[in-house]
Novice: 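Before we start, here is the structure in question, set down as structure tokens.
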Amino acid sequence: MAVFKPDNVEDLYEMGEVLGSGHFGQVRKVRERSTGTLWAGKFLKIRKSQCSLLGLERSNVEREVMILEAVQHPNIVTLKDVFESRAEVVLILELVCGGELFDFIAEKENLLESEAIEFLKQILEALRFMHGKNVVHFDLKPENIMLSDKSSPQPIIKLIDFGLARRICQGEEFRSTSGTPQYIAPEVINCEPLNASADMWSIGVITYILLSGLSPFQDETDEETLANILAMKFEFNDRYFSTTSSMAKDFIQKLLVKDPSERMTAEDSLHHPWIKPL
Ligand SMILES: Cc1ccc2c(c1)c1c3c(c(C)cc1n2CCCN)C(=O)NC3=O
């Protein structure tokens with residue numbers, strides 16, 4: 001069992017504003033008392049007993065920590081420290097101040113394909129690195145793609161929230177139905193064995209949204225959204241894609257492929273002519 005620092009996190013960090021909250025607990029801005037540096041503290045409630053439904057299994061938190069320690073990359077949030085008290089584990093994470101990618105996009109009139117490509121290159125570099133270490137995110141969505149400084153002419157992308165991530169080694173089988181309906185791959189819905197290609201499907205959905213503002217499979221209810229995914233029911237409606245290049249549509253079509261083995265990998269995507277013209 002991993003041992004985390006038993007110190008009281010508030011002895012070392014001053015608590016700041018809540019940045020987000022979820023089933024897991026809260027993310028807060030925290031200031032390191034010794035240096036004044038700002039970090040993001042992810043406060044995770046741990047189950048007090050095996051049969052409790054409140055909070056997370058400690059093993060899940062240990063997995064997230066192990067994975068974050070294994071994937072140190074310029075486009076992946078850095079884990080600095082881990083503290084544990086009675087029923088709480090606190091991850092001290094790199095603070096990503098530029099907010100979510102899609103809030104950034106929403107503030108702009110429209111996104112040029114060249115701008116979308118610069119964001120996607122960074123996301124794909126992070127995925128090529130992670131997938132090369134057999135780490136799969138399994139929850140890639142606009143909320144988990146953040147910018148380090150949105151006022152920069154070339155904002156840096158940071159992938160966050162590895163709570164659903166897994167290390168899947170060769171020969172191992174992993175199935176899960178977790179994730180967010182709009183972005184999950186058909187094999188997740190069918191509870192089939194999963195691998196890195198599930199992340200690549202999510203990149204296809206995210207690219208479609210980046211270029212059109214529309215979500216390709218989203219419907220009135222989650223059930224209808226999932227049915228659209230299994231039916232591969234998406235199109236490039238001229239109302240939203242009339243100025244989109246055929247190369248960009250080809251890139252999306254090579255990711256939104258039902259058979260995971262036929263889908264582009266992160267490596268393939270970085271060499272697609274839309275991303276890397278000859
Ligand atoms: C400035 C800002 C605002 C909201 C933030 C964050 C930073 C943030 C961060 C992280 C996580 C897991 C969630 C976060 N959230 C919650 C929402 C994430 N989509 C994180 O790991 N570093 C962050 O800066």
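Counting starts at 1 for both ligands and their atoms, in listed order. Note that the coordinates shown come from a computational prediction; the quantities given were computed from them, not determined experimentally. Note: hydrogens, waters and symmetry copies are ignored here, and every other heavy atom, side chains too, is used.
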Novice: Within a distance under 4.0 Å of any heavy atom of I160, pick out the atoms of ligand 1 and give their elements.
Specialist: 11 (C), 12 (C), 13 (C), 18 (C)
Novice: More than 12 heavy atoms of other residues, nucleotides or ligands under 6.0 Å from CD of Q154: yes or no?
Specialist: no
Novice: Evaluate the ring-ring contact (aromatic ring centres under 6.0 Å, His included) criterion for residues Y208 and Y183: first the C-alpha distance (whole Å), next the side-chain angles of each, then the deciding distance (0.1 Å), finally the verdict.
Specialist: CA-CA 11 Å; Y208 185 106; Y183 306 97; over 10 Å; no
Novice: Using a 4.0 Å heavy-atom threshold (strictly under), name the region of L93 that reaches ligand 1: side chain, backbone, both or neither.
Specialist: side chain
Novice: Which residue and non-hydrogen atom of the protein lie closest to atom 5 (C) of ligand 1, and at what distance in Å?
Specialist: L19 CB, 3.7 Å
Novice: Just to confirm my output: which protein heavy-atom neighbour is closest to atom 9 (C) of ligand 1, and how far is it?
Specialist: A40 CB, 4.1 Å
Novice: For the pair E88 (side chain) and S85 (backbone), establish whether a donor and an acceptor sit closer than 3.5 Å, ignoring hydrogens and angles.
Specialist: no
Novice: What do you reckon, does M146 put a non-hydrogen atom under 4.0 Å from ligand 1?
Specialist: yes
Novice: At under 4.0 Å between heavy atoms, is it the side chain or the backbone of E94 that contacts ligand 1, or both, or neither?
Specialist: backbone
Novice: Under 4.0 Å between a Lys/Arg side-chain N and an Asp/Glu carboxylate O for R263 and E187?
Specialist: yes
Novice: My understanding is that only residues two or more places apart in sequence, or in another chain, count here; which of them pass side-chain hydrogen bond (donor to acceptor under 3.5 Å, both in side chains) with Q122?
Specialist: N75
Novice: Which atoms from ligand 1 have a heavy atom of V77 less than 4.0 Å away?
Specialist: 21 (O), 22 (N)
Novice: Number the atoms of ligand 1 from 1 as they appear, then name those within less than 4.0 Å of a heavy atom of L95, with their elements.
Specialist: 24 (O)
Novice: Test side chain to side chain donor-acceptor pair (under 3.5 Å) on T265 and D268; report intermediate values, then the result.
Specialist: CA-CA 5 Å; T265 63; D268 298 336; 3.1 Å; yes
Novice: What's the shortest heavy-atom distance between E62 and F4, and which atoms?
Specialist: CG-CZ, 4.0 Å
Novice: Which residue and atom name correspond to the protein heavy atom nearest atom 14 (C) of ligand 1, and how close is it?
Specialist: V27 CG1, 3.9 Å
Novice: Is there a polar contact, in the sense of an N or O pair closer than 3.5 Å, between E100 and ligand 1?
Specialist: yes
Novice: When you compare ligand 1 with N144, is there at least one nitrogen or oxygen pair between them that comes in under 3.5 angstrom?
Specialist: no
Novice: Taking distance alone, with no angle check, do E143 and ligand 1 share an N/O pair under 3.5 Å?
Specialist: yes
Novice: Pick one of side chain, backbone, both or neither for how V96 approaches ligand 1, counting any non-hydrogen atom pair under 4.0 Å.
Specialist: both
Novice: Angle class for the H73/F129 ring planes (parallel below 30°, perpendicular above 60°, tilted otherwise)?
Specialist: tilted
Novice: Nearest heavy-atom pair of K276 and L270: which atoms, and what distance?
Specialist: CB-O, 3.3 Å
